Amino acid sequence: MLSLNNVTKKYGKFTALQDIDLEFNSGVYALLAPNGAGKTTLIKMLTTLIFPTNGEILWNGDEIVKLDACYRNIIGYLPQDFGYYKNHSPRDFLLYLSAVKCIDRIPAKRKTDELLELVGLLDVKNKKMKKFSGGMIQRVGIAQAMLNDPKILILDEPTAGLDPKERVRFRNLISSLSKDRIVILSTHIVSDIETIANRVIMFKDHKLFANDDPAALCASLNGKIYETDIAIPNGCLALTERQENGKTITRFASETDCGDAAQSVSPNLEDVFLYVYRDEAV
Amino acid sequence: MDEQKKRASIDYILAQGLVTPQTTRSRITEMFRTLGPRYIFWDMGYSLLFAALTFALVMALFVVVPYDYRFSAAVAVAPLFFLLINVFAETSERACGLYELKQTCRYTIRQITALRVLCYSVAGAVLTAVVAIIKMETAYEFISMFTLCLAALFVCAALSMSVIRYVRKLWANAVFSAAWVFATAALTLSLGKPWETLLSNTPIIISVAVALIGIAFFVYQISKMLSEVDKYAVA
């Protein structure tokens with residue numbers, strides 16, 4: 001189990017995260033928050049790239065920094081800006097990272113081919129990566145994160161810049177990789193996590209705001225979300241708009257019962273996100 | 001506490017006690033064996049090329065330095081290859097966008113950098129011999145100049161490693177290298193002949209002692225870079 005106890009991270013006088021208590025067991029955990037809310041800070045602490053100012057991060061009761069290489073052996077990480085060697089093939093690149101991850105050469109070759117097949121890149125395993133699309137590069141990124149068969153897979157904004165088809169493919173891949181391991185996924189794209197996350201973690205004002213399963217988060221807005229094709233009542237929060245039969249349907253949140261003025265609808269995770277972060281520029 | 005928990009606790013304590021801490025030497029050997037030269041210097045071709053070309057240019061200038069200032073020039077030039085390759089390698093490493101990812105691997109990029117720096121210091125030591133050969137008149141003068149250059153190289157290497165250890169910024173290396181060039185040029189230009197005389201009359205035993213202190217300090221810095229984790233936040 002991975003746990004954070006009272007973790008605070010400060011950069012000088014700026015507090016990026018404050019008093020965070022979290023526990024991670026097997027499953028997909030989505031960190032959902034707007035840009036600048038502290039998702040990447042948390043991920044960097046979990047990957048030992050930075051250290052908490054206060055508090056502790058424990059893996060099975062031991063501090064991750066003290067575990068040193070033993071902890072790095074069990075994590076797989078895909079950074080937000082995933083760099084790659086343009087003039088090398090994905091196979092060469094994965095073999096190189098296998099060596100850096102201290103995997104013996106023969107198992108590394110076998111694992112590399114297995115992973116390239118899993119991410120659908122076996123056909124191009126010897127092609128230079130400079131010709132790859134963004135989606136293909138992200139798949140190489142996932143493959144490298146899985147090289148050491150990590151118990152903790154940490155993905156920072158893995159779907160940023162991908163087209164919808166690639167995003168769906170990526171979601172399915174993450175879902176298939178989440179058995180018997182902790183997958184921590186940071187994103188501000190709600191559709192990425194709606195179907196695959198077991199728990200959604202939200203930060204607000206640099207503090208933990210919510211840590212619940214998606215259904216429970218949506219249920220927190222039951223009776224508050226409405227749709228209408230006329231002007232929304234005063235004091236309500238407009239969420240989204242869509243065109244239907246030539247009419248503009250507005251989805252909105254209301255703290256009070258709207259009666260016949262609008263139709264009550266089931267809340268979704270996007271509603272929760274827009275409602276929670278209504279005061280922030282998203 | 002039941003019997004099973006008690007047994008597990010005893011096994012855990014024994015396991016902890018049986019783990020001998022890894023020495024710097026065994027860590028270096030293990031890393032060399034696992035990574036090999038190919039992966040230690042992975043994608044470093046351009047950095048090595050640029051460093052070699054720049055150093056060749058510096059050497060071309062060094063050859064034409066007046067005879068009266070050969071010791072001052074040799075001391076200034078001796079650590080330059082080491083400094084240049086560090087700057088180029090670190091810049092290339094940070095520019096490729098994999099620095100953070102590599103810091104989360106079993107062998108962190110800081111540890112691999114330490115290993116590379118060790119190799120650069122050996123190459124630097126060989127090049128100091130070349131520097132001394134170019135300007136020597138007698139065998140004694142070669143030894144005098146070579147030991148002086150070695151002292152300059154390892155003092156410089158140790159200082160630059162401590163800068164890298166404590167300052168996480170990319171520019172740290174470049175600023176230190178520029179400071180070295182500036183300091184040695186300033187000493188030569190401002191003090192002139194007395195500086196040259198001081199260097200040329202330095203007893204070999206003093207140069208050897210300074211070189212040995214530099215090597216010890218350098219190895220200490222390398223061993224810290226290989227073993228310490230908690231001071232090396234990279235982001």
Side-chain angles (χ1 to χ4, degrees), chain A residues 9 11 16 40-41 43-53 60-88 92-93 95-105 108 137 140-141 144-145 147-148 150 152 154 156, chain B residues 5 8-9 12-13 15-16 19 21-22 26-27 29-47 91-116 168 224-235:
Chain A
K9 179 65 189 175
Y11 295 100
T40 298
T41 298
I43 277 185
K44 285 186 174 174
M45 285 194 285
L46 293 175
T47 50
T48 67
L49 289 168
I50 54 174
F51 308 110
T53 313
N60 290 339
D62 293 314
E63 259 198 86
I64 61 170
V65 176
K66 288 186 180 146
L67 285 170
D68 192 6
C70 296
Y71 178 71
R72 293 198 301 276
N73 268 345
I74 58 149
I75 61 169
Y77 174 48
L78 175 62
Q80 192 171 355
D81 303 310
F82 172 59
Y84 60 97
Y85 294 110
K86 290 185 173 64
N87 290 317
H88 290 283
D92 282 348
F93 176 61
L95 287 174
Y96 164 62
L97 283 178
S98 301
V100 178
K101 291 185 180 198
C102 205
I103 302 168
D104 288 337
R105 280 169 205 196
I137 294 295
V140 175
Q144 67 75 25
L147 275 171
N148 51 337
I152 306 167
I154 301 171
D156 194 1
Chain B
K5 277 187 179 170
S9 303
Y12 177 77
I13 293 163
Q16 293 294 304
V19 176
Q22 205 176 15
S26 68
R27 200 183 286 260
T29 312
E30 182 200 292
M31 285 181 74
F32 263 113
R33 202 173 47 237
T34 309
L35 297 173
R38 185 180 177 214
Y39 290 141
I40 292 170
F41 297 103
W42 175 262
D43 215 54
M44 287 282 109
Y46 283 113
S47 309
T91 307
S92 136
E93 196 64 71
R94 298 227 184 199
C96 85
L98 281 163
Y99 198 83
E100 285 190 4
L101 174 61
K102 288 187 194 173
Q103 187 64 15
T104 65
C105 293
R106 169 73 173 76
Y107 295 136
T108 65
I109 186 61
R110 308 275 308 191
Q111 290 173 325
I112 295 172
T113 301
L115 211 59
R116 285 179 189 157
R168 299 170 212 146
K224 285 289 177 193
M225 270 185 85
L226 284 167
S227 60
E228 282 179 347
V229 179
D230 54 340
K231 289 187 177 64
Y232 295 135
V234 299

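Keep in mind the model is a prediction, meaning the values are calculated, not measured. Lettering follows sequence order; numbering is per chain, from 1.
Ranked by heavy-atom pairs under 4.5 Å with chain A, the first of B:T108, B:L101, B:I112 is B:L101.
Using a 4.5 Å cut-off between heavy atoms, A:F82 contacts chain B through both its backbone and its side chain. Only the side chain of A:L97 comes within contact range of chain B, with heavy atoms under 4.5 Å apart. Contacts between A:D92 and chain B at a heavy-atom distance below 4.5 Å involve backbone atoms as well as side-chain atoms.
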Practice problem: Please lay out, stage by stage, how A:Q80 and A:I43 fare under the test side chain to side chain contact (heavy atoms under 4.5 Å, CB included). | Solution: CA-CA 10 Å; A:Q80 192 171 355; A:I43 277 185; over 6 Å; no
Exercise. Take A:Y96 and B:K102, measure what side chain to side chain contact (heavy atoms under 4.5 Å, CB included) needs, and give me the verdict at the end.
Key: CA-CA 11 Å; A:Y96 164 62; B:K102 288 187 194 173; 3.0 Å; yes
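Among residues two or more places apart in sequence or in another chain, the side-chain contact (heavy atoms from CB on, under 4.5 Å) test is passed with A:N73 by B:R106. Applying the side-chain contact (heavy atoms from CB on, under 4.5 Å) rule to B:T34 yields the partners A:C102, B:E30, B:Y107; only residues at least two apart in sequence or on another chain are considered.
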